[in-house]
Amino acid sequence: LKDIAVNAKINMLDFGSGEKNGTNGESAAAQETGNGADSKAKNSQQPGLPTLPLKVRGALEIGRVKKNGYELKDVEASFDYSGTKILIPRCRFSILDAMVMGSGTVYQSGSSLQVDTKASIDGLKVQNLGTISKEIEGRLYGNAKARVSLSFRPGEGNIADTLQGSCDFL
């Protein structure tokens with residue numbers, strides 16, 4: 001066994017506020033995705049990608065992903081996983097009424113994960129950025145296109161503290 005193909009279609013992932021639901025104390029997200037029994041074991045592991053002696057290739061379709069008040073819609077991604085690296089040659093989703101299309105890599109960097117991404121953003125309604133930053137709410141209007149190149153380290157506290165990159169508005 002050297003290669004595995006995975007294709008999954010998920011209606012919604014909600015990483016919510018961690019509220020408890022149900023009789024066994026599982027979060028609503030864990031109940032919906034069926035991962036409740038393993039959630040404590042997974043959360044106690046050190047960040048990192050396991051080394052597998054095989055390749056996993058596949059595609060994901062996720063209707064909605066919710067996390068910290070943000071919502072990604074119509075997520076589609078293809079991926080290739082081998083060793084300790086995940087290549088994402090194609091990813092597409094909608095956020096704040098804008099379409100984002102790009103690619104990325106997730107890999108082990110020292111004791112943590114590193115994520116590198118490049119994307120184009122089309123149809124961004126600038127006034128929707130006010131939902132992210134109250135400082136600009138009601139001050140900017142119009143449509144924009146952009147190219148983004150970002151790197152960050154998930155699992156090291158606030159992602160914004162590890163975020164590096166650039167955004168060029170076109």
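Any value given below was found using the heavy atoms of this structure, including those in side chains, with hydrogens, waters and symmetry copies removed.
- Side-chain contact between Thr105 and Ile88 is absent, with no heavy atoms from C-beta onward closer than 4.5 Å.
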Pair Ser94-Asp74, side-chain hydrogen bond (donor to acceptor under 3.5 Å, both in side chains): steps then yes or no: CA-CA 6 Å; Ser94 172; Asp74 303 320; 5.7 Å; no

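- Summarising the geometry, atom OG belonging to Ser112 is positioned 9.5 Å from atom OH belonging to Tyr107; distances are rounded to the nearest 0.5 Å.
- The side-chain heavy atoms of Glu71 and Val65, taken from C-beta on, include no pair separated by under 4.5 Å.
- Ser103 is not listed as a side-chain neighbour of Pro89, based on a closest heavy-atom distance of 4.5 Å or more.
- No chain of hydrophobic side-chain contacts below 4.5 Å, direct or via other Ile, Leu, Val, Met, Phe, Trp or Tyr residues, connects Phe152 to Leu87.
- Arg90 CZ: more than 12 foreign heavy atoms inside a 6.0 Å radius.
- Considering CD1 of Ile86 and CZ of Phe79, their distance stands at 8.0 Å, rounded to 0.5 Å.
- Checked by atom type and distance alone, the side chain of Gln127 pairs as donor or acceptor with a backbone atom of Gly142 at under 3.5 Å.
- Within the 4.5 Å cutoff, side-chain heavy atoms of Arg92 are placed close to those of Met99.
- With Thr162 contributing its side chain and Arg153 its backbone, the two residues share a donor-acceptor pair below 3.5 Å.
- Heavy atoms only, all atoms of each residue included: Ile121 and Ala98 are closest at CG2-CB, 3.8 Å.
- Ala144 approaches Val126 most closely through the heavy-atom pair CB-CG2, 3.9 Å.
- Applying the side-chain contact (heavy atoms from CB on, under 4.5 Å) test between Val100 and each of Ile95, Val148, Leu124, Thr117 identifies Ile95 as the sole match.
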